[in-house]
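This report concerns only the one structure given below.
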Amino acid sequence: MAAGDCTAIAEILRNQARGTMSGKPKLHYFNGRGRMETIRWLLAAAGVEFEESFLEKKEDLTKLQNDGSLLFQQVPMVEIDGMKLVQTRAIANYISTKYNLYGKDLKERALIDMYVEGLFDLNDLLMTHEILPADKKDQHFANMMDKAENRYLPVFEKVLKDHGKDFLVGNQLSRADVQLLEILIMAEEFKPDIFAKFPLLQSFKAKLGNIPTIKKFLQPGSQRKPPSDEKVVDQVMKIFYS
Amino acid sequence: MAAGDCTAIAEILRNQARGTMSGKPKLHYFNGRGRMEPIRWLLAAAGVEFEESYLEKKEDLTKLRKDGSLLFQQVPMVEIDGMKLVQTRAILNYIATKYNLYGKDLKERALIDMYVEGLFDLNELLMMHVYLPADQQDQNFANMMDKAENRYFPVFEKVLKDHGKDFLVGNQLSKADVQLLEVILMVEEDKPDILAKFPLLQSFKARISNIPTIKKFLQPGSQRKPPTRPEEVPDVMKIFDP
């Protein structure tokens, strides 16, 4: 082989060792929102292109487990910077720090963490709704909307009101803003008039939606996933619960 | 009043404004492990003295809520450095960063986060056990032990085996080590021989337990809480039930 071939082959092998041919982060999950959606939002907001490998049947998960690719045998898993990161918060923390979406000091991080953890709790409620049996859905919906409207959204309306700035923390875009926007859009899908009592959240949503990277992610054809329909729920049950 | 009195009073008022008379962190929770226990462990490991204010009846929780002290109407809440921090992970992240228990760079933090999040998942199973209805407890117990022995402990045994060092990450004490010790001891309470197949975890347990701050926390009379007994569950539920 020519010397150039050897160099090229060495480069390819190095990329493979680093995890992805392209060098882009690679997301392993099913083709739906679930626990990966927040990570897609953060990467998109940071302007980072990423690839996705979708689990479609149980064998896809088993293969990853047998490969030793999943530290605790679970997805989400993201190949990034030579690592196979698992655990939603570990991945989100890494991306946020790397792309400067985590505030400028310890105190800003504490605020961001508090806000984000509240949003994760609400996200859990919204996310589990889809996979509940039909007879549990009504009560769960009522609880979800009650928590959204009376526990979580008022907090963020008040934060924006108290400091009068565009972003939740430190007057710059952070993961708290991105995660709040994600939740606002999901809550609106369940209840279109959810902003009736939250004028500042309404303008927050408009402002954030205009940030170029986020605007791009909100357009059709992006890697943002739609709410899970019956077909996806069925697939999820087969992959993870059979 | 004498000038000295004014200075003293000003100092007292400043301390009150900062949140606690003594300047020590103040933990608000019921007198039991629950979601506050990892926080007690971490403060203790860092050698930080702390005070505790116990919720004993529903009115205690209601008062904190009405005060505006609880961002999302929930405990744990920790008064520290002039803030009222809520959300277990936000509090732990703050303490870990402040007391240098969070690794030295982004990659170490990613490892610590992955390990800690896995331990959180196992801790959820352990923590919820006593609050489950009696007819669900057997199955939960089996699931808890299965996950500990087959999903989580093997990972940490392998981590220690692969690098041969005393601590999980970066050859220095981090919140991952503290939390692993906490979880090992909790599982052992239910199954004393759980470490039979994990010789490196056995020596890890002995080694970390001997660190002076941790050794002190493990002694009777410390602020470490015992397991919640089934007969105590109704009183705890009364505080939190709507």
Side-chain angles (χ1 to χ4, degrees), chain A residues 35 65 68 70-74 76-78 80-100 102-103 105-122 124 143 146-148 150-156 158-159 162 168-169 176, chain B residues 35 65 68 70-74 76-78 80-100 102-103 105-122 124 146-148 150-156 158-159 162 168-169 176 242:
Chain A
R35 298 186 185 285
Q65 288 168 333
L70 307 178
L71 188 67
F72 300 114
Q73 314 309 321
Q74 298 164 313
M77 186 272 275
V78 174
I80 185 169
D81 297 339
M83 299 177 290
K84 290 185 156 94
L85 288 187
V86 297
Q87 291 287 347
T88 310
R89 286 167 171 91
I91 300 164
N93 287 357
Y94 184 82
I95 292 166
S96 300
T97 307
K98 183 174 179 183
Y99 296 106
N100 196 25
Y102 220 155
D105 59 30
L106 182 54
K107 288 220 164 177
E108 286 193 356
R109 245 200 72 174
L111 284 174
I112 290 169
D113 275 342
M114 281 200 288
Y115 298 161
V116 149
E117 284 299 309
L119 291 166
F120 266 118
D121 283 349
L122 180 53
D124 273 350
N143 179 40
D146 172 58
K147 292 285 188 309
N150 296 314
R151 175 172 286 187
Y152 295 106
L153 297 190
V155 167
F156 299 107
K158 182 178 191 297
V159 167
D162 285 351
L168 285 172
V169 179
Chain B
R35 297 187 186 286
R65 283 172 168 168
L70 307 177
L71 188 66
F72 300 113
Q73 314 309 321
Q74 297 165 314
M77 187 270 277
V78 174
I80 185 170
D81 297 339
M83 299 176 291
K84 291 184 155 95
L85 289 186
V86 298
Q87 291 287 349
T88 310
R89 286 169 171 92
I91 299 165
L92 287 170
N93 287 355
Y94 184 82
I95 295 166
T97 306
K98 183 174 178 184
Y99 296 104
N100 195 24
Y102 217 157
D105 58 31
L106 182 52
K107 289 219 164 177
E108 286 193 357
R109 250 199 65 178
L111 286 174
I112 290 169
D113 278 342
M114 281 200 289
Y115 299 162
V116 152
E117 286 299 308
L119 290 166
F120 255 105
D121 284 349
L122 180 53
E124 271 303 297
D146 172 57
K147 291 286 187 312
N150 297 313
R151 176 171 285 187
Y152 294 106
F153 288 172
V155 168
F156 300 109
K158 183 179 190 298
V159 166
D162 284 351
L168 285 172
V169 178

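Chain identifiers are assigned alphabetically (A, B, ...) following the order of the sequence lines, protein sequences preceding nucleic acid strands; residue numbering begins at 1 within each chain. If you're wondering where the values come from, they're calculated on a predicted model, not measured in any experiment.
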Which atom pair, heavy atoms only, marks the closest approach of A/Phe72 to B/Arg151?
O-NE, 3.2 Å
Going by heavy atoms in the side chains, are A/Val116 and B/Arg89 under 4.5 Å from each other?
no
Go through the structure and list residues passing side chain to side chain donor-acceptor pair (under 3.5 Å) with A/Gln73, not counting sequence neighbours.
none
Does B/Lys107 use its side chain to pair, donor to acceptor, with the backbone of A/Asp81 at less than 3.5 Å?
yes
Please step through side chain to side chain contact (heavy atoms under 4.5 Å, CB included) for the pair B/Lys98 and A/Leu106, ending with a clear verdict.
CA-CA 8 Å; B/Lys98 183 174 178 184; A/Leu106 182 54; 4.0 Å; yes
Just do the side chain to side chain contact (heavy atoms under 4.5 Å, CB included) check on A/Arg89 and B/Asp113 with the steps written out, would you?
CA-CA 7 Å; A/Arg89 286 167 171 91; B/Asp113 278 342; over 6 Å; no
Which region of A/Arg151, side chain (C-beta onward) or backbone (N, CA, C, O), has a non-hydrogen atom less than 4.5 Å from a non-hydrogen atom of chain B, or is it both or neither?
both
For chain B, which candidate among A/Gly118, A/Pro154, A/Ala110 shows the most heavy-atom pairs at distances under 4.5 Å?
A/Gly118
Taking all non-hydrogen atoms of both residues into account, name the closest pair between B/Gln74 and A/Asp121 and its distance.
OE1-OD2, 4.2 Å
The interface call for A/Tyr115 against chain B, heavy-atom contacts under 4.5 Å, is both
Is the shortest side-chain heavy-atom distance between B/Glu117 and A/Val86 below 4.5 Å?
no
Show your working on side chain to side chain contact (heavy atoms under 4.5 Å, CB included) between B/Leu111 and A/Met83 and close with a plain yes or no.
CA-CA 10 Å; B/Leu111 286 174; A/Met83 299 177 290; 5.9 Å; no
Which bit of A/Lys98 is near chain B, if near means a heavy-atom gap under 4.5 Å: side chain, backbone, both or neither?
both
Which bit of A/Val155 is near chain B, if near means a heavy-atom gap under 4.5 Å: side chain, backbone, both or neither?
side chain
Taking atom CG of B/Leu119 and atom CD of A/Gln87, what is their separation to the nearest 0.5 Å?
9.5 Å
